[in-house]
Structure formats: C-alpha cells, structure tokens
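Side-chain atoms are counted along with the backbone in the values below, which use heavy atoms only and exclude waters and symmetry mates.
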Amino acid sequence: MPLQIIVGAQWGDEGKGRIVDWFAADADIVARYNGGDNAGHSVTVGEQLFKLHLIPSGIIHPKPVAVLGNGMVINPESLLHEMDMLAELGVEISPRRLRVSHAAHLITPAHRALDAALEARRGKDSIGTTGRGIGPAYTDKAARTNLRVGEMLSPDFRDKLAAHIETANRTLVSLEAPHLELSPVLAKFSAYASRIAPFIADTSAETCAVLARGGSVLAEGAQGTLLDLDHGTYPFVTSSATTAGGVFTGLGIGITAARDATVTGVCKSFQTRVGSGPFPTEVFDDLALRLRGTGANPWDEYGTTTGRPRRVGWLDGVLLRYAVRVNGLTELVITKLDILSGLEQVKLCVAYRKNGTVYQDLPFGPTELEGFEPVYKEFPGWKEDVSGLRRWNDLPQAARTYLDAIGQLAGVPVRLVSVGPEREQIVER
Ligand code: GDP
Ligand code: IMO
Ligand code: MG
C-alpha cells in the first residue's frame, strides 16, 4: 500500500497509536502530520507500555523511519524526553530512524505559559486544552511570527528566541500572568539545538522520494475528526488539521498520492471526549463509570497526556458518518469492543431529532449541535469475554450484529476490531 492514512473518527483517543503499530511493521515511513505533544498514543507490546506524544507509533518496529512532519508543532524538551524514554526501552533512536522536518514549528515555554493564561482568562468558557502550548504556537505560525525547527541551527536563533520571549512576556503581563526569565530559556534551547541538529531534515523531499519509488508511507493522525480546526466542534477543537486532508500539507506530499490511498478511520465502540464542548450521546452516573473504568487499568478512560477523566457516551453514528465524509474513509477499525462485554444492552445513535423532525445528518455538521437529540437504536448485549478471540466468526452473534450495524450506518466496511490493548488483541474480518 503506497499511502495509508490513519485518522481518529471521533474526539481523539480512539486507539490510533496501537492501530498504527498494527499496520507499521512493513512500512518504509511512519509520519505524524499534525499537532504536537497534546497527543498521547499508547502501544502495549507484551509487558511494555509505550506512551508516545510526538514520535510516531511506528518507531517501535525496527524497520520504519519515523518522520515528524512540517505540519507539527514541536516542543524540543518533550521530543528529547521521548527520545530518551524510547532509547531506554531499547528502541533505536538515530538519524537513520528519526527525521524531524526543518519546517515544523517550535513550541516554547512562552507558548505553554500563554496557553495556561488564556485558558484562565476564558474562565467557565475554557476549551479544556491540554496546556501544551498548541493553540499559541499555531497562532504564531498563522501570524507568520513563529520560530521553526530549522532555525535552531542559524546563528541568529538566540536573538530571534529572545525577541519571541519578550513579545510573549508583554502579552503575559497583560493577562496578569507571571513573565518568563529570558536567560534560562536561551540556555536550554541552545542545548536542545545541538542535540536535535542531526535529526533535522527535508522530510517532504524524503517522503516524496519513498512514494516515488513505490515505497509505503503510513500517516498517523493525532486528535480526531471532531477536533479538527475547520471540521470539528468549533471552537472546542484543537488548532490543526487533524483530518485526512491535513496529511498532504502537513507532510509536503502531492495529492496525487491520494489516488490509491487507504484511509482508515479508527473509532471506539462507544464515544469519549476530554475537554469542553458538545457531546449529545454523553452518559452519566453508573453507566459512565462502567464505560470509563475506575482508573485501575491502564486502558481506562483517563487521558494519556493529562490524566483527566474522559467524558463517555454511546457511539454517535451520525458523527461517524460525517467523519467518513470529511476524511473520505475507505474502512473502519473499531476498538475497545471488550469494554462492552457484559452490558445488557448497547445503544447506537442513528439519527437526530429536533422540534419533531428527524435528521439523518446534521444540517450544519457538528458545529451546530444545540437542540439536537440523539435517536437511538438498541441492541442486545453479550456476556462473553471477547478479549481472547482472534477470529471474526468466534465473536458473539450479538457483537457481530452491532459491528455490522456500525458498518452499514457508516457506509464503509469494518476491517479490524480490537478486543484489548495488547498488540495481538486484534480480530481481522
Ligand atoms: P490514541 O490517542 O488514539 O492513540 O488512543 P490512546 O492511546 O490515547 O487511548 C486508547 C487507550 O485504550 C490506550 O490506553 C490503549 O492502550 C487502550 N486500547 C486500545 N485499544 C483497546 C482495546 O481494544 N481494548 C482495551 N481494553 N483497550 C484498548
Ligand atoms: P490524541 O492524539 C483527545 C483536546 C483537548 C481539548 C482540545 C484542545 O491522543 O487522540 P489543545 O491542547 O489541542 O489545544 O486542546 O483538544 N485534545 C485531545 N483530546 N485526544 C487528543 O490527542 C487530544 N489532543 C487535544 O482535550 O479539548
Ligand atoms: Mg490519546
């Protein structure tokens, strides 16, 4: 497969990391094209749990080259921390395996401080960001004032960084937030620059070269469709193009690569969201606790990046169909089927209702959810523990009926189902 794009079909945390790991073994390149260390992608291999924030999940396999594309915003401190963590776990971290786009944008301590100060200023209307400086970094990018990774190598980087911190300090003071001391930031970034220098590359040229010779590129989305800056539940979104279109600008590859691309949407068997914003199928109380878990298991619904409890609810098929449309999904992967085992009944939102009218699709997409009520189809649950199953026909009939209904509603086939977090806990259709 020349190009495979893997995107989240919901509000993030669908299990993209572990699904990328499933497809990555033979890929030539696995590349992140958007976002930064707001992402948290968990991959479980035997006893080892890898928690990745910036480096693509494909790095765990020995073959693929991991690319951090130009569409990303990169905090060098987080990157170095993650490189060290992976090296300690026995993963080769070398310029042969890891390539960082010279044109990716930097996240500085000023962006983090601004993220916190802006959220505090929003008060009850806060977005519930991850606090990683994502919004302020993309804001500076759009304003054409931000620093890029390649600039770390230039002789005037120190002056530019100093000017950036001084500008941010003026904004921080106006927001009644503490300002940053300049010299520790300058000293740290000088150390980061020398460590990251060997990894900086023209990743667009390298990725295009792999595609041109018929090699395979796996694009790993961060966040999810409904957090996309243009197509998500604005303003409760992140600041990047999370959807499949973002792959082409975020990696610097031509759209002709889309001709024979597979676009895989990863979707949980229920719905979750972390942070503020509308969530029509959200559930509360005992059922919420049942879907979220108590936090005792590593896969329970608590954020990989921030540890916040995730909001949970029934799978929203209307929003899933929307994700199929805006990404051009060609197939679905359904994760966490094991979590539904033991429920008496499982619900799927198949339409919305407003003022007595039933809508198969939302008139203005997910931006305008006010007043729309989910219409549910109910399915009998199943008692069996599915976590040990590996064959489609071994899945309980009730589970297969539910999965078929998801595929039918979405209009694309369900190719894989995951039944536990471990690498091998996958059922292929
Ligand atoms: P991502 O951001 O889309 O990569 O997803 P996260 O890694 O943030 O969250 C998914 C969580 O669910 C992680 O803890 C995974 O290990 C876990 N997980 C993934 N698939 C399954 C599954 O099929 N069953 C269970 N129980 N856990 C899963
Ligand atoms: P992965 O890649 C789930 C959410 C935040 C907040 C909003 C904006 O692990 O699926 P930001 O810090 O990006 O400005 O926050 O987006 N968010 C995520 N939610 N999974 C993620 O990444 C997320 N990255 C950001 O909670 O609501
Ligand atoms: Mg995550």
field: Side-chain donor or acceptor of Arg18 paired with backbone N/O of Ser57 under 3.5 Å
entry: no
Please list every donor-acceptor pair under 3.5 Å in which a side-chain atom of residues 172-192 meets a protein atom from a residue at least two apart or in another chain.
unit_1: Ser174; atom_1: OG; unit_2: Thr171; atom_2: O; d: 2.7
unit_1: Tyr192; atom_1: OH; unit_2: Glu77; atom_2: OE1; d: 3.4

Residue list, salt bridge (Lys or Arg N to Asp or Glu O under 4.0 Å) with Glu424, at least two apart or on another chain: none
Chi angles and distances behind the side chain to side chain contact (heavy atoms under 4.5 Å, CB included) call for Leu319, Thr281: CA-CA 10 Å; Leu319 295 181; Thr281 61; over 6 Å; no
- prompt: Just by distance, do the side chain of Gln408 and the backbone of Ile406 share a donor-acceptor pair under 3.5 Å?
  reply: no
message: Could you report the tightest heavy-atom contact between Leu320 and Cys267, atom names first, then the distance?
response: CD1-SG, 3.9 Å
task: Please name the pair of heavy atoms, one in Gly58 and one in Ala24, separated by the smallest distance, quoted to 0.1 Å.
output: CA-CB, 3.8 Å
message: Can a donor-acceptor pair be found, under 3.5 Å and without considering hydrogens, that links the side chain of Thr207 to the backbone of Thr203?
response: yes
- prompt: Donor-acceptor pair, Glu119 side chain versus Thr129 backbone, under 3.5 Å?
  reply: yes
field: Residue pairs passing the salt bridge (Lys or Arg N to Asp or Glu O under 4.0 Å) test where at least one lies in residues 216-244, sequence neighbours excluded
entry: none
- prompt: Pairs in or reaching into residues 309-333: which pass salt bridge (Lys or Arg N to Asp or Glu O under 4.0 Å), with residues at least two apart or in two chains?
  reply: Asp13-Arg310, Glu282-Arg311, Glu301-Arg310, Arg321-Asp361, Glu331-Arg415
query: Just wondering, do Val67 and Ser101 contact through their side chains at under 4.5 Å, heavy atoms?
result: no
task: Taking atom types as modelled, find out whether Arg308 and Thr306 have a side-chain donor-acceptor pair closer than 3.5 angstrom.
output: yes
message: Can you tell me how the ring of Phe379 sits relative to the ring of Tyr402, calling it parallel under 30°, perpendicular over 60° and tilted otherwise?
response: perpendicular
- request: Please report the closest heavy-atom contact between Ala244 and Val7, naming both atoms and the distance.
  value: N-CG1, 4.0 Å
field: Any Pro56 side-chain heavy atom under 4.5 Å of Val20 side chain
entry: no
- request: Tell me yes or no: between the side chains of Trp382 and Ser341, is some donor less than 3.5 Å from an acceptor?
  value: yes
message: Give me the atom names and distance for the closest heavy-atom approach of Ala27 to Leu218.
response: CB-CB, 4.3 Å
task: Walk me through it: do Leu337 and Leu395 pass the test side chain to side chain contact (heavy atoms under 4.5 Å, CB included)?
output: CA-CA 10 Å; Leu337 186 72; Leu395 291 173; 4.1 Å; yes
message: Can you list everything that forms a side chain to side chain donor-acceptor pair (under 3.5 Å) with Arg148? Sequence neighbours excluded, please.
response: none
message: With side chain to side chain contact (heavy atoms under 4.5 Å, CB included) as the criterion, how do Ser240 and Thr242 come out once you've worked through the C-alpha distance, each side chain's angles and the decisive distance to 0.1 Å?
response: CA-CA 6 Å; Ser240 71; Thr242 64; 4.0 Å; yes
query: Hey, are the side chains of Asp140 and His164 touching, using non-hydrogen atoms and a 4.5 Å cut-off?
result: yes
query: How would you list, by chain and number, every residue that makes a salt bridge (Lys or Arg N to Asp or Glu O under 4.0 Å) with Glu384, sequence neighbours excluded?
result: none
- prompt: Do Trp11 and Thr272 come close enough that some side-chain heavy atom pair is under 4.5 Å?
  reply: no
- request: For Leu389 and Val419, work out which heavy atoms get closest and say how close.
  value: O-CG2, 3.7 Å
task: Apply salt bridge (Lys or Arg N to Asp or Glu O under 4.0 Å) to Arg97 and list each qualifying residue two or more places apart in sequence or on a separate chain.
output: none
- line: salt bridge (Lys or Arg N to Asp or Glu O under 4.0 Å) filter on Asp404, not counting sequence neighbours, yields Arg429
message: Is any side-chain heavy atom of Glu92 closer than 4.5 Å to one of Leu98?
response: no
- request: May I ask you to check whether over 12 heavy atoms, not counting those of Lys377, lie within 6.0 Å of atom NZ?
  value: no
- prompt: Do the side-chain N and O atoms of His53 and Ser78 include a donor-acceptor pair separated by under 3.5 angstrom?
  reply: no
message: Once side chain to side chain contact (heavy atoms under 4.5 Å, CB included) is applied, do any residues pair with Val283, and if so which ones, sequence neighbours excluded?
response: Leu287, Ala288, Leu291, Val312, Trp314
- prompt: What pair of heavy atoms forms the shortest contact from Leu403 to Trp392, and how long is it?
  reply: CD1-CH2, 3.8 Å
message: Is the ring pair Phe372/Tyr352 parallel, tilted or perpendicular, if the boundaries are 30 and 60 degrees?
response: perpendicular
- prompt: Restricting to pairs with a member in residues 35-48, which pass salt bridge (Lys or Arg N to Asp or Glu O under 4.0 Å), not counting sequence neighbours?
  reply: Asp37-Arg112
task: Tell me, with the steps shown, if His61 and Asp21 meet side chain to side chain contact (heavy atoms under 4.5 Å, CB included).
output: CA-CA 8 Å; His61 289 286; Asp21 172 73; 3.2 Å; yes
Salt bridge (Lys or Arg N to Asp or Glu O under 4.0 Å) contacts in which one or both residues fall within residues 53-66, not counting sequence neighbours: Asp28-Lys63
- line: Across all chains, not counting sequence neighbours, the ring pair (Phe, Tyr, Trp, His ring centres under 6.0 Å) partners of Phe50 are none
query: Does a sphere of radius 6.0 Å around CZ in Arg353 hold more than 12 heavy atoms from other residues, nucleotides or ligands, not counting ones at 6.0 Å or beyond?
result: no
message: We want to know whether Thr233 and Arg273 form a side-chain donor-acceptor pair, criterion being a heavy-atom distance below 3.5 angstrom.
response: yes
